[in-house]
2 protein chains.
Amino acid sequence: MKLTTKGRYAVMALADLANFNKASPVPLRDISFRQGISLLYLEQIFLKLKKHNIVRSIRGSGGGYILFKKAEELKLSEIFFAVDENVKTINCNKDSKKGCNGKSSKCITHYLWDELDLHINSFFENKKLSELTKTQNKKL
Amino acid sequence: MKLTTKGRYAVMALADLANFNKASPVPLRDISFRQGISLLYLEQIFLKLKKHNIVRSIRGSGGGYILFKKAEELKLSEIFFAVDENVKTINCNKDSKKGCNGKSSKCITHYLWDELDLHINSFFENKKLSELTKTQNKKL
DNA sequence: TATATACCCGAGTAAAATAGTCAAGATTAA
DNA sequence: TTAATCTTGACTATTTTACTCGGGTATATA
Ligand code: FES
Ligand code: FES
């Protein structure tokens with residue numbers, strides 16, 4: 001399974017973006033500063049987010065990024081998909097030498113990971129970006 | 001998050017063990033052969049499983065491993081815990097330079113990962129080893 | 001008792017994945 | 001024009017993972 005800083009940062013940064021999106025585009029520099037994430041790394045991440053239409057970019061001075069959809073309509077699963085964090089716990093078909101070759105038949109645990117994938121993905125599928133910031137506010 | 005071959009192999013091997021446990025102890029060599037997992041790696045894994053009372057070992061010729069509990073009573077969460085695959089998606093407190101230092105306050109996404117951890121762990125908590133082999137048999 | 005079978009254990013290594021950097025642009029507002 | 005900002009591909013350091021090695025110890029059975 002993959003759930004790395006790339007996906008974490010993406011969610012973090014977008015939550016930040018959602019908070020400051022109200023009037024004008026938000027430059028990465030601000031997000032980098034507020035969230036303590038390397039600017040260069042953020043750029044890499046936002047490129048992917050842009051390609052997948054999660055955000056829209058405005059170049060030049062005074063530019064930055066804005067959300068493409070409303071935070072209420074943006075599912076976390078879309079975000080993870082965009083940055084290549086496809087939550088796959090299944091391991092078969094990768095090579096034919098290891099236990100999980102799926103050559104003759106599925107290994108004993110195959111259906112388990114299948115089920116787990118479904119379980120995890122449904123979590124992200126049902127979670128909207130807006131819920132994040134709300135939860136945060138409630139706790140404060 | 002961590003979900004690596006160590007945890008996968010542990011579940012695989014134990015499922016195998018559960019199937020062949022009926023009469024006599026099962027040597028790792030057999031499991032290694034049947035599941036296509038390196039014997040030396042299996043030894044490492046079973047050492048941990050033994051320390052956490054998941055399996056019991058019988059040394060010497062004709063020896064091997066047997067399950068400590070019945071497969072119906074063995075939760076997958078116990079297995080993962082035993083091999084150090086503590087499913088933690090949370091990242092804070094590791095170092096104070098990165099985004100998630102938890103120094104002044106929790107980051108925006110903290111509660112999200114909290115919730116996710118809970119969600120995933122409940123999956124393993126409610127899953128017994130015996131359910132694995134049953135599912136497998138049903139599909140055949 | 002000799003021997004083979006099997007578990008026991010710490011340490012070490014190679015490969016892969018991740019996290020992050022660099023350099024050289026291209027746009028655009030002011 | 002200048003400074004701010006996004007764009008892009010390649011490159012590198014670090015960390016983690018997966019696995020091996022070498023030398024044990026216990027026990028069954030011939
Ligand atoms: S996980 Fe699919 S064959 Fe093992
Ligand atoms: S995940 Fe806990 S502070 Fe970021």
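Chain naming here is simple, since letters A, B, ... match the order of the sequence lines and numbering starts at 1 in each.
In this structure, A:Arg29 has no salt bridge (Lys or Arg N to Asp or Glu O under 4.0 Å) partners at least two apart in sequence or on a different chain. Partners of A:Ser122 by side chain to side chain contact (heavy atoms under 4.5 Å, CB included), not counting sequence neighbours, listed by chain and number: A:Asn126, B:His119. Looking at residues two or more places apart in sequence or on another chain, you find a salt bridge (Lys or Arg N to Asp or Glu O under 4.0 Å) between A:Lys75 and A:Glu125. Evaluation of the side chain to side chain contact (heavy atoms under 4.5 Å, CB included) rule for A:Phe33 yields no partner, not counting sequence neighbours.
In this structure, A:Arg56 places its CZ atom 17 Å from P of D:dT5, rounding to the nearest Å. Going from atom CZ of B:Phe33 over to atom C1' of C:dT5 covers 18 Å, rounded to whole Å. The separation between B:Leu42 atom CG and D:dT20 atom P is 11 Å, rounded to whole Å. Atom CG of B:Leu39 is separated from atom P of C:dA6 by 10 Å (rounded to the nearest Å). Rounded to an integer number of Å, the gap from CG of B:Leu47 to P of D:dG24 is 17 Å. Distance, A:Leu49 CG to D:dC6 C1': 14 Å, rounded to whole Å. The nearest whole Å value for the distance from the NZ atom in B:Lys51 to the P atom in C:dC8 is 10 Å. In this structure, A:Phe46 places its CZ atom 17 Å from C1' of C:dA19, rounding to the nearest Å.
By the rule that hydrophobic residues join a cluster once side-chain heavy atoms approach within less than 4.5 Å of another member, A:Phe123 and A:Trp113 end up as members of one cluster.
In this structure, B:Asp114 contributes its side chain and B:His110 its backbone to no donor-acceptor pair below 3.5 Å.
Note on B:Thr5: a side-chain N or O is less than 4.0 Å away from OP1 or OP2 of D:dA18. Note on B:Arg29: every side-chain N or O is 4.0 Å or more away from OP1 and OP2 of C:dT5. At least one side-chain nitrogen or oxygen of A:Thr4 sits closer than 4.0 Å to the OP1 or OP2 atom of C:dA19. Between B:Tyr9 and the phosphate of D:dC19, there is a side-chain N or O to OP1/OP2 separation shorter than 4.0 Å. Using a 4.0 Å cut-off, no side-chain N or O of B:Lys50 falls inside it from OP1 or OP2 of C:dC7. Residue B:Tyr65 places at least one side-chain N or O closer than 4.0 Å to OP1 or OP2 of C:dC8.
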Can I get a per-line list of side-chain donor-acceptor pairs under 3.5 Å for residues 37-51 of chain B, giving both atom names and the distance, sequence neighbours left out?
from: B:Ser38; atom 1: OG; to: B:Leu40; atom 2: N; distance (Å): 3.4
from: B:Ser38; atom 1: OG; to: B:Tyr41; atom 2: N; distance (Å): 3.2
from: B:Lys48; atom 1: NZ; to: B:Asp84; atom 2: OD2; distance (Å): 2.8

Protein heavy-atom contacts under 4.0 Å, written 5' to 3' over nucleotides 22-30 of chain C as B (base), S (sugar-phosphate only) or - (none), form the string B--BBBBB-
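If you check C:dT21, C:dA6, D:dC19 against the side chain of A:Ser38, the one that comes closest is C:dT21.
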